Amino acid sequence: MANKVRVRFAPSPTGGLHLGGVRTVLFNYLFAKKHQGDFIVRVEDTDQTRWVDGAEKYIFDCLDWCGLIPDESVIHGGSYTPYRQSERKPIYRQYAEQLIQQGNAYYAFDTSAELEAMREKLKAAGSNSLQYDHHIRMSMNNSLRLLPEETKALIDAGTPYVIRIKVNPNELIPFSDMIRGEMEFDTNTVDDKVLLKADGMPTYHLAVVVDDHLMKITHAFRGEEWLPSAPVHILLWKYLFGLDQMPHWAHLPLILKPDGNGKLSKRDGDRLGFPVYAMDWIDPTTKEVTKGFKELGFLPEAFINLLAVLGWNDGTEQEVFSLEELIEKFSIEKVHKGGAKFDFEKAKWFNQEWIKKLPIENYKERVKEIFLSKGVSNIEDSYLGDVMNLIKERCILLPDFYTQGVYFFDSPSSYDEASVKPKWDEAKKEYFNSLIDQLNQLESWDAISIETIFKQIATEKNSKVGELQMMLRVFLVGSKMGPGLFIIAETIGKTNTLQRIENALKVFVA
RNA sequence: GGCGCGUUGGUCAAGGGGUUAAGACGCCUCCCUUUCACGGAGGAGUCACGGGUUCGAUUCCCGUACGUGCUACCA
């Protein structure tokens with residue numbers, strides 16, 4: 001390929017950005033960056049009835065969070081403006097008219113009621129195709145059947161019409177897909193798709209072809225659900241710009257729901273309790289919030305990573321990849337043909353890996369916000385850092401830092417009495433009283449010194465160290481969890497440690 | 001219904017005419033820790049089915065089944 005690689009992601013601003021959408025972005029991005037190409041985002045807002053306020057900005061926010069920054073877009077600029085299809089409206093009509101001139105398209109005046117009647121009739125006749133195609137187009141209300149002056153009269157009278165592609169029967173359309181290899185479509189099964197709608201907006205079919213050409217797209221990635229309409233797009237390329245100008249296509253496998261089968265949808269996430277959108281999406285009309293990976297506590301690195309290996313594998317045992325590694329190792333040939341079921345457990349594992357792998361500075365601010373939102377104030381930055389380093393390997397999602405680390409900030413509000421009570425006796429009480437004394441006199445407050453004293457007293461009193469350790473842990477933490485006991489004591493400090501032991505003693509002695 | 005695409009453990013998957021069919025997630029057992037994790041050591045669990053081709057098929061071919069996508073003036 002002599003030309004610079006140019007790929008595009010073409011979302012419709014209709015709501016939250018789905019996992020599958022982000023993966024499409026990712027594969028586009030990886031392919032482009034691997035070949036030093038450009039990644040373009042083109043907003044496909046040709047359906048005014050589905051347009052949702054705020055959805056476009058939301059999509060860019062998601063890309064931003066993921067670190068998949070477009071080279072050209074509505075907000076990043078570029079030399080192929082505008083990048084919003086609604087603003088390119090006049091362009092499409094021109095090409096639709098050109099197709100009519102060439103005899104590859106026609107005006108159709110059929111009302112939706114007429115179309116419905118046509119389908120009913122076909123159904124009644126036992127036809128297995130309900131399509132508007134060469135079988136029936138000569139019996140419909142279009143410029144193919146009408147006299148030229150009749151057509152003109154209708155248009156002049158302002159009759160609403162659409163422009164349809166005229167698909168010739170009995171043609172075999174060969175098609176080469178970067179992922180699926182060679183295939184062939186029979187035009188007998190392809191219908192006369194609407195190219196230009198009554199409102200003057202193009203349908204997806206016309207718009208992708210025209211814009212991919214105008215924006216010099218070299219490689220086009222999209223979901224597998226588009227495969228059946230590929231022949232229409234190929235025909236359009238052939239009629240309009242020439243097949244040699246057509247981008248290389250790659251139809252990505254679908255991301256399936258974890259249980260049963262089928263395309264993963266937002267509903268599945270709600271039903272099974274995991275996110276499907278990249279970030280929280282708030283429906284502007286209902287105000288309903290749909291949870292996103294970000295807000296649930298995922299790291300963008302993990303999110304990208306888990307998406308990348310859903311349908312792609314580099315052939316080695318490696319599973320954890322950074323964006324840079326992905327750019328280096330990605331190859332379209334290694335993308336699978338079959339869909340992959342989404343597994344939230346595995347998704348969480350990736351996040352855990354990235355929490356362990358990344359320096360805490362990468363996500364410290366987010367953790368701080370979580371603590372703040374839970375009502376923990378007076379968070380000192382370096383202290384939070386110490387705590388995070390201590391507990392990071394027991395956190396899967398970011399909010400786990402709170403549940404795993406609250407006790408570093410607040411004294412326990414309750415104790416695991418069931419563990420302590422049965423073993424509690426007078427000797428234990430004496431032990432902890434002298435521990436308080438000795439600890440009080442301790443000059444250097446560090447884990448080793450605390451442990452030394454702790455064990456020394458135990459030996460003197462001839463008590464079981466393990467049991468005492470468990471008790472001290474419950475006193476300081478509230479339950480049997482957390483990292484090394486003495487490092488906890490060191491971290492929370494002398495005053496806090498002593499205070500907490502005394503508080504606990506009051507509870508257990510009584 | 002028609003057309004397209006797909007099918008290696010529960011899930012993600014490597015592999016590809018001859019292998020003990022990798023690895024990961026999850027699950028189970030054990031070790032470490034008198035805690036929870038992390039980590040370590042094990043374990044259970046698989047080539048959808050039927051025909052070919054072949055000395056030999058999980059791998060190649062053809063069917064079948066199953067799944068899934070599309071079949072809108074939605075993308």
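The structure presented is a predicted model; accordingly, all values stated were derived computationally and were not measured.
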**Student:** Can you name the side-chain hydrogen bond (donor to acceptor under 3.5 Å, both in side chains) partners of K57(A), sequence neighbours left out?
**Tutor:**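 Checked K57(A) against side-chain hydrogen bond (donor to acceptor under 3.5 Å, both in side chains); matches are D61(A).
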
**Student:** Strictly under 4.0 angstrom, non-hydrogen atoms only: write out the protein contact profile of nucleotides 63-75 of chain B, one letter per nucleotide from the 5' end, B, S or -.
**Tutor:** ----SSBSSSBBB

**Student:** Rounded to whole angstrom units, what separation is found between the CD1 atom of I173(A) and the P atom of rG4(B)?
**Tutor:**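 Atom CD1 in I173(A) sits about 13 Å away from atom P in rG4(B).
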
**Student:** Are W354(A) and Y363(A), when compared by the centres of their aromatic rings, separated by less than 6.0 Å?
**Tutor:**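 Between W354(A) and Y363(A), the centre distance exceeds or equals 6.0 Å.
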
**Student:** If you assign A347(A) and G315(A) each to the RNA chain B nucleotide with the nearest heavy atom, which residue ends up on the more 5' nucleotide?
**Tutor:**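 It is G315(A) whose nearest nucleotide is closer to the 5' end.
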
**Student:** Could you say whether T316(A) or E184(A) is positioned toward the 5' end of RNA chain B, judged by the nucleotide with the nearest heavy atom to each?
**Tutor:**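 On the 5' side of the pair lies E184(A).
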
**Student:** Across nucleotides 37-45 of chain B, 5' to 3', mark each nucleotide with B, S or - according to how protein heavy atoms within less than 4.0 Å reach it.
**Tutor:** BSS------

**Student:** If you compare every side-chain N and O of K341(A) against the phosphate oxygens of rU11(B) (OP1, OP2), does one of them come in below 4.0 Å?
**Tutor:** yes

**Student:** Grab the CZ-C1' distance between R180(A) and rU7(B) for me, whole Å please.
**Tutor:**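 That distance rounds to 13 Å.
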
**Student:** Checking salt bridge (charged side-chain N to carboxylate O under 4.0 Å, His left out) for the pair K421(A)/E417(A): CA distance, chi angles, key distance, verdict?
**Tutor:** CA-CA 6 Å; K421(A) 278 261 171 74; E417(A) 298 189 19; 2.8 Å; yes

**Student:** Does OP1 or OP2 of rG15(B) have a side-chain N or O of K334(A) closer than 4.0 Å?
**Tutor:** yes

**Student:** Measure the CD-CD distance between E393(A) and Q352(A) for me, rounded to the nearest 0.5 Å.
**Tutor:**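 One finds 9.5 Å between CD of E393(A) and CD of Q352(A).
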
**Student:** What's the closest nucleotide to the E345(A) side chain, out of rA13(B), rG26(B), rC3(B)?
**Tutor:**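 Of all the options, the side chain of E345(A) is nearest to rG26(B).
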
**Student:** Dot-bracket notation for RNA chain B is requested: 5' to 3', Watson-Crick or G-U wobble pairs only, both distances under 3.5 Å, with ( ), [ ], | and . as defined.
**Tutor:** (((((((..(((.....[....))).(((((.......)))))....(((((..]....))))))))))))....

**Student:** Should R8(A) and D211(A) count as an ion pair when the cut-off is N to O under 4.0 Å?
**Tutor:**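 Not counted as a salt bridge, because no side-chain N and carboxylate O are separated by less than 4.0 Å.
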
**Student:** Return the value, rounded to whole Å, for the distance between atom CD1 of I487(A) and atom P of rU33(B).
**Tutor:**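 Computing the I487(A):CD1 to rU33(B):P distance gives 18 Å.
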
**Student:** What's L310(A) touching, base or sugar-phosphate or nothing? Going by heavy atoms closer than 4.0 Å.
**Tutor:** sugar-phosphate

**Student:** Can you check the H135(A) NE2 to rC3(B) P distance for me, whole Å?
**Tutor:**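 For the pair H135(A) NE2 and rC3(B) P, the rounded distance is 12 Å.
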
**Student:** Taking any heavy-atom pair under 4.0 Å as a contact, classify M201(A): base, sugar-phosphate, or nothing.
**Tutor:**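 Nothing, no nucleic acid heavy atom in range.
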
**Student:** Name all residues meeting the salt bridge (charged side-chain N to carboxylate O under 4.0 Å, His left out) criterion together with K238(A); count only those two or more places apart in sequence or in a different chain, and write none if there are none.
**Tutor:**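 Applying salt bridge (charged side-chain N to carboxylate O under 4.0 Å, His left out) to K238(A) gives E171(A).
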
**Student:** Reckon G311(A) touches a base, only the sugar-phosphate, or nothing at all at heavy-atom distances under 4.0 Å?
**Tutor:** sugar-phosphate

**Student:** Let's go through T203(A) and T46(A) carefully: what are the C-alpha distance in whole Å and the side-chain angles of both, what is the deciding distance for side chain to side chain contact (heavy atoms under 4.5 Å, CB included) to 0.1 Å, and is it a yes or a no?
**Tutor:** CA-CA 7 Å; T203(A) 57; T46(A) 55; over 6 Å; no

**Student:** With a 6.0 Å cut-off on ring centres, are H205(A) and Y92(A) close enough?
**Tutor:** no

**Student:** For a quick check of understanding: with a heavy-atom distance under 4.0 Å over all strands, which category does H336(A) fall into, base, sugar-phosphate or nothing?
**Tutor:**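 Counting heavy atoms under 4.0 Å across all strands, the contact made by H336(A) is with sugar-phosphate only.
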
**Student:** Rounding to a whole Å, what distance do you find between N128(A):CG and rG2(B):P?
**Tutor:** 6 Å

**Student:** Whole angstroms only, please: what is the CE-C1' distance between M183(A) and rC3(B)?
**Tutor:**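 So the CE-C1' distance, M183(A) to rC3(B), works out to 13 Å.
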
**Student:** Is P258(A) touching bases, backbone alone, or none of the nucleic acid, heavy atoms closer than 4.0 Å?
**Tutor:** nothing

**Student:** State which residues pass side-chain hydrogen bond (donor to acceptor under 3.5 Å, both in side chains) with T285(A); sequence neighbours excluded, sorted by chain then number.
**Tutor:** D283(A)

**Student:** For L272(A) and rG10(B), what is the distance between atoms CG and P respectively, to the nearest whole Å?
**Tutor:** 18 Å

**Student:** Round to a whole Å and report the spacing from CG of L264(A) to P of rU11(B).
**Tutor:** 16 Å

